[in-house]
Amino acid sequence: MELKKRLLTGTPGRLLVTIIMLALAIVMIMPFLWMISTSLKTPTEVFKYPIEWIPAHPTWEHHLKVWTGPKSFGTYYLNSLKIALIGMVGATFLSAFAAYGFARIEFKGRNALFMLYLSMMMVPPQVLFVPKFIMFEWVGIYNTHLALILPGLFTIFGVFMLRQFFLSIPHEISESAFIDGAGHFRIFFRLILPLAKPALATLAIIDFSWQWNDYENALVFLIDERLYTIPLGLQNFILENTVDYNGMMAAASAGIIPMIIVFAIGQRYIIQGLTNSAVKG
């Protein structure tokens, strides 16, 4: 009722923008609706035209096959959760440490070093596949989850985003703590981190999304099928002469559930964290 009142009493321009945004939202959500619809159809109904968004006889057979078939999706699910959760926690914590050093500790060449660090974002990740392969083979972590977890602990974007947020925190807070005898570690854990909860939550959500959907690194550095993640597990539905679209869409529907849960829990932090990180640069 309140939304309707705002639309009616707002300016025509605001109403037009709302309509456009609503249309774009519908267009963006249509592939997800098609995915769920296809997972409930029979193989003969997948490419039926015009599209039947609501199957006449929905079936849960494909969803059951995903979890109870010879190659259970549960293994891929647990592998993805392990990699994404460890990577998310580690990347958030290490990024906060590095960002604090760049934002709150004065040392010679700090800005130049930070710019050099940021310049690494321009290096395409595909260029690093061969050096990483040689390094992982040498230290013995190739074809293990560590090959995905360890590189995922370091994120340039995370350091940049948290540094910008830390710069927005008044320096008087840390200066008062210094006068009271606090050191950098106490200031970091007792003052900065509690104030940075929105930015930390935002980075955690973004990093979880990256880790969960990582396909290229898993494809290159994992061979053993028992170590596969969800993006690699979806390849099992590509058969020799055909593609099991129903099973693939059922698996993909299950694969987005953790992303929806994580986003629903921390959605209020995303805009707040990104906005605060851009206040001062």
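Any value given below was found using the heavy atoms of this structure, including those in side chains, with hydrogens, waters and symmetry copies removed. This structure is a prediction, so every number in the text was calculated from the model and none was measured.
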Would you say the rings of [Y] and [X] are close, in the sense that their centroids are separated by under 6.0 Å?
| X | Y | value |
| --- | --- | --- |
| F133 | Y142 | yes |
| Y76 | F73 | yes |
| F97 | F188 | yes |
| Y77 | W212 | yes |

Approximate separation, where rounding is to 0.5 Å, of [X] [atom1] and [Y] [atom2]:
| X | Y | atom1 | atom2 | value |
| --- | --- | --- | --- | --- |
| L203 | T92 | CG | OG1 | 4.5 Å |
| M248 | M35 | CE | CE | 12.5 Å |
| I83 | L146 | CD1 | CG | 9.5 Å |
| K132 | I141 | NZ | CD1 | 10.0 Å |
| K82 | S80 | NZ | OG | 11.5 Å |
| L148 | L222 | CG | CG | 4.5 Å |

Which heavy atom of [X] sits nearest to which heavy atom of [Y], and what is that distance?
| X | Y | value |
| --- | --- | --- |
| A103 | F166 | CB-CB, 3.7 Å |
| A177 | L191 | CB-CD1, 3.6 Å |
| I173 | I169 | CD1-CG2, 4.1 Å |
| H184 | R104 | CE1-O, 4.4 Å |
| D224 | N143 | N-OD1, 3.0 Å |
| N79 | Y228 | ND2-O, 2.8 Å |

Kindly say whether [Y] contributes a backbone atom to a donor-acceptor pair with the side chain of [X] at under 3.5 angstrom?
| X | Y | result |
| --- | --- | --- |
| Q211 | M88 | no |
| S37 | L33 | no |
| S168 | F165 | yes |
| D214 | W210 | no |
| H62 | K41 | yes |
| H145 | L227 | yes |
| N246 | T38 | yes |

task: Begin from the C-alpha positions of S176 and I179 and carry the test side chain to side chain contact (heavy atoms under 4.5 Å, CB included) through to its verdict.
output: CA-CA 5 Å; S176 299; I179 294 174; 5.5 Å; no
With the 4.5 Å side-chain cut-off for hydrophobic clustering, are [X] and [Y] part of the same group?
| X | Y | value |
| --- | --- | --- |
| M122 | L113 | no |
| Y245 | M30 | yes |
| M135 | L219 | no |
| V27 | I29 | no |
| M21 | L15 | no |

Do the side chains of [Y] and [X] get nearer than 4.5 Å, heavy atoms only?
| X | Y | result |
| --- | --- | --- |
| I206 | F157 | yes |
| I230 | L232 | no |
| L128 | P125 | no |
| N217 | F129 | yes |
| L200 | L162 | yes |
| Y100 | S95 | no |
| F114 | F160 | yes |
| I192 | I187 | yes |

Just wondering, more than 12 heavy atoms not from [X] lying within 6.0 Å of its [atom1]?
| X | atom1 | result |
| --- | --- | --- |
| R190 | CZ | no |
| I105 | CD1 | yes |
| F32 | CZ | no |
| F107 | CZ | yes |

task: Decide side chain to side chain contact (heavy atoms under 4.5 Å, CB included) for L85 and F208; before the verdict, give the C-alpha distance in whole Å, the side-chain angles of both, and the deciding distance to 0.1 Å.
output: CA-CA 7 Å; L85 289 176; F208 183 88; 3.8 Å; yes
task: Kindly indicate, with the supporting measurements, whether the criterion side chain to side chain contact (heavy atoms under 4.5 Å, CB included) is fulfilled by L40 and T59.
output: CA-CA 5 Å; L40 300 175; T59 174; 5.7 Å; no
message: Using the rule given for side chain to side chain contact (heavy atoms under 4.5 Å, CB included), can you reason through L150 versus L153, listing the C-alpha separation, both sets of side-chain angles and the distance that settles it, and then say yes or no?
response: CA-CA 5 Å; L150 291 181; L153 297 179; 4.1 Å; yes
task: Indicate whether any N or O donor in one side chain lies under 3.5 Å from an N or O acceptor in the other, for R226 and T75.
output: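 Judged by distance alone, the side chains do not pair up.
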Acceptor/donor pairs from residues 249-260 side chains to any protein atom, 3.5 angstrom cut, sequence neighbours excluded:
{"residue": "S253", "atom": "OG", "partner": "M249", "partner atom": "O", "Å": "2.7"}

task: Look at K65 together with E61 and state whether they make a salt bridge at an N to O cut-off of under 4.0 Å.
output: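 Looking at K65 and E61, the cut-off is not met.
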